[in-house]
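Step one of this worksheet: look at the structure below.
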Amino acid sequence: MSEVTTIRVETADEYDVVIGREVLLDQLREALTEVDKVLVVHQPSLSTVADELKREIEVSGTQLFLAEIPDAEDAKRIEVAQFLWQIMGQADFTRTDVVVGLGGGAATDLAGFVAATWLRGVSVVQVPTTVLGMVDAAVGGKTGINTELGKNLVGAFHQPSLVIADLALTDTLDRKEILTGFAEVVKCGFIADERILELLESDLEATTNPGAPQFHEAVSRAIRVKAEIVAGDTREHGRREFLNYGHTLGHAIEHAERYQWRHGAAISIGMVFAAELGRLAGRLDDATVARHRRILSSLNLPLQYPANRWKTLRATMQRDKKTRGSMLRFIVLDGVGRPRVLEGPDQTMLFTAYQSLADEQE
Ligand code: GLY
């Protein structure tokens, strides 16, 4: 059997993240022993996996309801949550029944939200199937849906009872999906764990290959970074904000691109921006800024954005929910593994940082 790593997330209700290959069925079977009913919320591409879970787990007497939801952000709508509540209501789901979120970040965000709200909270087991979902969305208990006014405006902090990161489920992802998911892994490297950066620098192919031990190590390390930060600051009053490295500009780019860009592509540019800001603030050295560009471009992630979009991006950042008061806040680095908040940088500094990544061609 290949390696299995278990990371304990020490929030008020502690839980494990189990990382390995082909661990899903055994882990889920164990987690659902004695559970009466389970709602498996899954994206269309995972219907074969969901069918198999139903077949295998119903043998032991647990009843599985499968709910297929739309792909990506289309799932995070109140109508889809309503559809899931309807299934739970008709099947008489009680407080001891369980929701399983099977899929990418949108599926686990939605499943977590439905679990948080049904009868004021039932257990959710998260089964992320993308790199992004494994290292970010499924761990830490942020759940939610979007409204017409913005992303994640309605939600709850609701920690899962277990996260199963079955790396075999990433074997069939397209390469671009894996590489963009790695933007969040790189983020964890810069804010807390340099070994992640070294893995990518020494063997990018192996580190991004789901079957390789380096992939297991990089993903596990990124999960550990997230688990440790979340355990110390579940509701984002302090250190959890460090996880937003690259996200202030990244979210503004996602908004400008009407959420058609992959999250990792937007935060790649956001991290270059944050690194440049750190340099301009006299905190980060040139070599670490260059290291951002080198690693992100080796993953084929974008480093530039059109020069003429600055005003729009600045206005969106100003409105972003992560702005506290009227001050813009950025996470910058004093060095690898040394994140800090930079509050209210002046307009010249922001503009100068943007100039260093602005693409004049578009
Ligand atoms: N994705 C950032 C966080 O979970 O806090």
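Remember, it's 1-based here, ligands and their atoms both numbered in the order they're listed. Every value quoted in this text rests on a predicted model; they were computed, and no experiment measured them.
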Legend entry - Enumerated ligand 1 atoms positioned under 4.0 Å from heavy atoms of Asp136: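 Atoms satisfying the 4.0 Å criterion: 1 (N), 2 (C), 4 (O).
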Legend entry - Residue pair Arg77 / Ile145, side-chain heavy-atom distance below 4.5 Å: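 In short, these two side chains do not touch, never coming nearer than 4.5 Å.
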Legend entry - Sub-4.5 Å side-chain heavy-atom contact between Glu10 and Tyr15: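 Not in contact.
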Inset, instruction - Can you spot which of Asp26, Asp166, Asp171 makes a salt bridge (Lys or Arg N to Asp or Glu O under 4.0 Å) with Arg21? - result: Asp171
Inset, instruction - Determine whether more than 12 heavy atoms belonging to other residues, nucleotides or ligands lie under 6.0 Å from atom CG of Asp285. - result: yes
Inset, instruction - Could you tell me the residue and atom name of the protein heavy atom closest to atom 4 (O) of ligand 1, and the distance to it rounded to 0.1 Å? - result: Lys226 NZ, 2.6 Å
Legend entry - For atom 5 (O) of ligand 1, the protein heavy atom that lies nearest, with its residue and separation: Arg240 NE, 2.7 Å
